[in-house]
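For reference, the structure is listed below as structure tokens.
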Amino acid sequence: MIKDEITILLKEAVLEAQRRDLLPPVTMPDIVLERPQNPEHGDYASTLPLKLARSARMNPLTIAQNLVSLIQLPDEIDSIAVASPGFINFSLKSEWLTKQVEGIISSGERYGDVDLGKGAKVQVEFVSVNPTGPLHVGHGRGAILGSTLASVLASSGYDVVREYYINDAGGQMDAFYRSLYARYQQALGIDAQMPSEGYFGEYMMDIAREIIAEEGGKLSDKPAELGKIGVAKVMKTIKSDLEALGVSFDVWFSENSLFEQGQYDRVMAFLKERGYISEKEGAVWFTSTALGEDKDNVLVRSDGAPTYFATDIAYHYNKFIERGFSKVINIWGADHQGHVSRMKAVVSALGIDPGRLQIIISQMVTLKRGEMALRVSKRTGEIIILRELVDEVGPDVCRFFFLSHSADSQMDFDLELAKRHSSDNPVYYVQYGHARIASILRLAQERGIDYKEGNVSLLTGDSELALIRNMLQLPEVLELVASTLEPHHLPYYALDVATTFHNFYEKCRVISSDNALTSARLKLVEAAQIVLAKTLHLMGMTAPEKM
RNA sequence: GCCCCUGUAGCUCAGAGGAUAGAGCACCAGCCUCCGGAGCUGGGGGCGAGGGUUCGACUCCCUCCAGGGGCGCCA
């Protein structure tokens, strides 16, 4: 990337300045290159002189001038300018810019990929809702976040595994089994009491009725088998809801398997050996206080049942030690926030750098229909099902909307607004850009225009160069998203590219009587299509040829 | 009481310690003999409050105010 080359130039200039005594031997600050907001300030700007000024005890402008005088202009760069109070601004040469169009076309769908990960194995675990009911909109947010992050990481040189952890053990499952059993009995006309901690949603009755339709009443004396069938049905619904959103997984990992495969016993023995386990009040505890936590946590209840925390420890033991992921990314809802620090504590107790476990907390989603707020609760049955939302506004709108908010911010999703603006929507703005391009390329094909020999150096207009500059940012955006794990930059970038394209379209006629210019612009248009499609696909959205 | 997240335009949200804080929607005014008007151009309007660090703070630190979430032998 050109950005990296400029960084190297600056670094070398500092070292050279120090060799020539133009700069005292102070330590090198981090060299950050910025994209100036004002195009008059060039393509990249560095504040390195300002950062050096204090420790070097020199005027930043003098430092800037000294550094610039030591840099030999490479081919890509048109000019390097010093600006007060101490900026160094780099402008790219338009010949170099236009040449990049060819590079984008030859890279195709792989354009923008960067090798940040260098093949490192990384796991993204997301959704992981226990199979007790359908997904609600909050889960949808996590699903979109996780699947997009996984795509970006895969394009950034990581070996990515997308994983769903099925909580098919523990107390919540018990409540589910007992609720289903009660509903089943009731549907058969037998008087049965729902457990007070049970699942009262309508869908439980649907499942019971469905099972009766398929199996009849023969499961009345086989609650275990009934439960199994119920879970399978819920999982099937969950999978299809996720598919409707364009979300898929490589691994569906069962919590139960941690007991069957022995990870649970192994990790408990491991922790005991290291002295992290204590017993009090009839229960087994993880002594997280020894690792700086506020309090200890129960691993095995006094009735002998392991907690969710205990199996999660076994699961992370499996992730890091048995499967050897160098990085594990978990996406959790805001209600799991309290689980973060003790999980990190556990990981370090396992002898693993807790920095290798990255947990993204996605904040709550509240749904509104106009002024009416809708509460989301699975237990009481007042649930806004993800599927309803997807069916109502479509997966693309859903994905774009969720993605354009940072995970840290709470969201209000106004269904009414989403539908009302459905045709006047940033999603369509971006997709329309892609469809417009497709239509231009179709026309070119119909007219039999072969633009392979087009000369891109004819692309000298402001709007043409602006579009190229914009397209060249894709690898930087990927790097940003992969390193910060903040996919919300993608939709904003997509919007940006679409805007510069629409602007170009307005100013420049692509297919005209000027054959040479037509060929050159068709190349530009094809490159723009590649960039828009790639960005949309990273977000898990479609790039329509027609709308 | 303690911990986490948030407070930026009328609304929904971006903003990587730097130069004149951005986008979409809404509102107002313009733009079609020609490749898709789901488009383009222009306009009005904003960093919760107060301190601090810094050459420079929406950004980092502290206090306060406001909203959301968490502090289980639930998951």
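Proteins get letters first, then strands, A, B, ... in listed order; numbering begins at 1 in each. Only this structure's heavy atoms are used, side chains among them; waters, hydrogens and symmetry mates stay out.
- Among the protein residues, A:A407 comes within range of no part of the nucleic acid, since none of its heavy atoms lies under 4.0 Å from any strand.
- Rounded to the nearest Å, the gap between the C1' atom of B:rG18 and that of B:rC31 is 38 Å.
- Remark: the A:S302 side chain and the B:rC73 base include a donor-acceptor N/O pair separated by less than 3.5 Å.
- Residue A:L443 is in sugar-phosphate contact alone, with no base atom involved, counting any heavy-atom pair closer than 4.0 Å across all strands shown.
- Using cut-offs of 30° and 60° for the angle between ring planes, the A:Y276 and A:F286 rings count as tilted.
- Across B:rG15, B:rC34, B:rC13, the shortest atom-to-atom separation from the side chain of A:M411 is found for B:rC13.
- Nucleic acid contact for A:Y505: base, since at least one base atom lies under 4.0 Å from a heavy atom of the residue.
- In the set B:rA14, B:rC74, B:rG68, the nucleotide with an atom closest to the side chain of A:M364 is B:rG68.
- No donor-acceptor contact under 3.5 angstrom links the side chains of A:Y264 and A:E255, judged on distance only.
- Nucleotides B:rA16 and B:rG37 place their P atoms 36 Å apart, quoted to the nearest Å.
- Relative to the side chain of A:Q363, the nucleotides B:rG36, B:rC5, B:rC35 differ in distance, and B:rC5 lies closest.
- Between the C1' atoms of B:rU8 and B:rG67, the separation comes to 16 Å (whole Å).
- The side chain to side chain donor-acceptor pair (under 3.5 Å) test applied to A:S257 returns no partner, not counting sequence neighbours.
- Comparing the C1' positions of B:rG15 and B:rC2 gives an interatomic distance of 32 Å, to the nearest angstrom.
- Among B:rC35, B:rC40, B:rC55, the nucleotide with an atom closest to any side-chain atom of A:H502 is B:rC40.
- No engagement by A:E40 is indicated, since no non-hydrogen atom pair under 4.0 Å with the nucleic acid exists.
- If you check every strand for non-hydrogen atoms under 4.0 Å, A:T47 touches a base.
- Looking at A:D408, its side chain has no donor and acceptor atom pair within 3.5 Å of the base of B:rU6.
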* Do A:K3 and A:E479 pass the salt bridge (charged side-chain N to carboxylate O under 4.0 Å, His left out) test, and can you show the C-alpha distance, the side-chain angles, and the key distance before you say yes or no? -> CA-CA 12 Å; A:K3 194 179 168 184; A:E479 205 173 80; 5.2 Å; no
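- Across the P atoms, B:rC13 and B:rC3 are found 27 Å apart, a figure rounded to whole Å.
- The distance between atom CG of A:L495 and atom P of B:rG39, rounded to the nearest whole Å, is 11 Å.
- Between A:R509 atom CZ and B:rG36 atom C1' the separation is 12 Å, expressed in whole Å.
- Of the candidates B:rA75, B:rC13, B:rA19, the closest approach to any side-chain atom of A:Y492 belongs to B:rC13.
- Counting any heavy atom pair closer than 4.0 Å across all strands shown, A:A305 reaches no nucleic acid atom.
- A search for side-chain contact (heavy atoms from CB on, under 4.5 Å) contacts involving A:S404 returns A:P491, A:Y492, not counting sequence neighbours.
- The same atom, P, is picked in B:rC5 and in B:rA19; the two are 26 Å apart, to the nearest Å.
- Between B:rG39, B:rU20, B:rC71, one nucleotide has an atom nearer to the side chain of A:N38 than all others, and that is B:rU20.
- Nearest to the side chain of A:Q337, among B:rC4, B:rC13, B:rA19, sits B:rC4.
- Scanning RNA chain B for stems, defined as runs of 3 or more consecutive Watson-Crick or G-U wobble pairs whose donor-acceptor distances all fall under 3.5 Å, gives the following ranges: B:1-7 with B:65-71, B:10-13 with B:22-25, B:27-31 with B:39-43, B:48-52 with B:60-64.
- In this structure, A:L480 reaches neither bases nor backbone, as no heavy-atom distance under 4.0 Å exists between it and the strands shown.
- Residue-to-nucleotide contacts include a donor-acceptor pair under 3.5 Å from the side chain of A:N89 to the base of B:rA19.
- Residues A:K295 and A:R342 both approach RNA chain B. Their nearest nucleotides, taken by heavy-atom distance, put A:K295 toward the 5′ side.
- Atom-to-atom, NZ of A:K507 to C1' of B:rC32 comes out at 17 Å; the value is rounded to the nearest Å.
- Taking atom P in both B:rA14 and B:rG7, one finds a spacing of 8 Å when rounded to whole Å.
- Residue contacts shown for A:H41 include a base, since a base heavy atom lies under 4.0 Å away.
- Among the protein residues, A:Y429 comes within range of the sugar-phosphate backbone only, with heavy atoms under 4.0 Å from sugar or phosphate atoms but none that close to a base.
- By the 6.0 Å and 45° rule, A:R436 stacks over the aromatic ring of A:Y505.
- Taking the charged nitrogens against the carboxylate oxygens, A:R178 and A:E197 have no contact shorter than 4.0 Å, which rules out a salt bridge.
- Each of B:rG36, B:rG18, B:rG70 was ranked by its minimum atom distance to the side chain of A:D335; first place goes to B:rG70.
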* To do: Tell me, with the steps shown, if A:H316 and A:N330 meet side chain to side chain donor-acceptor pair (under 3.5 Å).
  => CA-CA 11 Å; A:H316 282 78; A:N330 293 343; 2.9 Å; yes
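- Residue A:V32 is out of contact with every strand shown, counting any heavy-atom pair closer than 4.0 Å.
- Partners of A:R35 according to the salt bridge (charged side-chain N to carboxylate O under 4.0 Å, His left out) rule, which considers only residues two or more places apart in sequence or in another chain, are A:E476.
- Glycosidic torsion of B:rC32 falls within 90° of 0, placing the base in syn.
- By the side-chain contact (heavy atoms from CB on, under 4.5 Å) test, A:A290 pairs with A:T287, sequence neighbours left out.
- Nucleic acid contact class of A:S406 (heavy atoms, under 4.0 Å, all strands): sugar-phosphate only.
- For A:Q410 against B:rG67, a side-chain N or O and a base N or O form a donor-acceptor pair under 3.5 Å.
- Toward the 5' end of RNA chain B, the nearer of the two residues A:S439 and A:G282, judged by each one's closest nucleotide, is A:S439.
- Note: CG (A:N297) to P (B:rG72) measures 9 Å, nearest angstrom.
- Listed candidates were B:rG24, B:rU41, B:rC35. Nearest to the side chain of A:N503 is B:rU41.
- Residue A:A334 is classed as a sugar-phosphate contact, given heavy-atom separations below 4.0 Å to backbone atoms only.
- In terms of the side chain to side chain donor-acceptor pair (under 3.5 Å) criterion, residue partners of A:H489 (sequence neighbours excluded) are, by chain and number, A:E486.
- Between A:R301 and B:rC74 there is a side-chain polar atom (N or O) within less than 4.0 angstrom of OP1 or OP2.
- For the P atom pair drawn from B:rG51 and B:rA57, the interatomic distance equals 14 Å after rounding to whole Å.
- Aromatic pair A:H339/A:F309: ring centres closer than 6.0 Å.
- With hydrogens and angles ignored, no donor-acceptor pair closer than 3.5 Å exists between the side chain of A:H489 and the base of B:rA14.
- Of the listed nucleotides (B:rG18, B:rG36, B:rC13), B:rG36 has the atom at the smallest distance from the side chain of A:R442.
- Separating the CG atom of A:L517 from the C1' atom of B:rC35 is a distance of 13 Å, rounded to the nearest angstrom.
- A:Q37 comes within 4.0 angstrom of sugar-phosphate atoms only, judged by non-hydrogen atoms across all strands, and of no base.
- Not one side-chain nitrogen or oxygen of A:S409 sits closer than 4.0 Å to the OP1 or OP2 atom of B:rC5.
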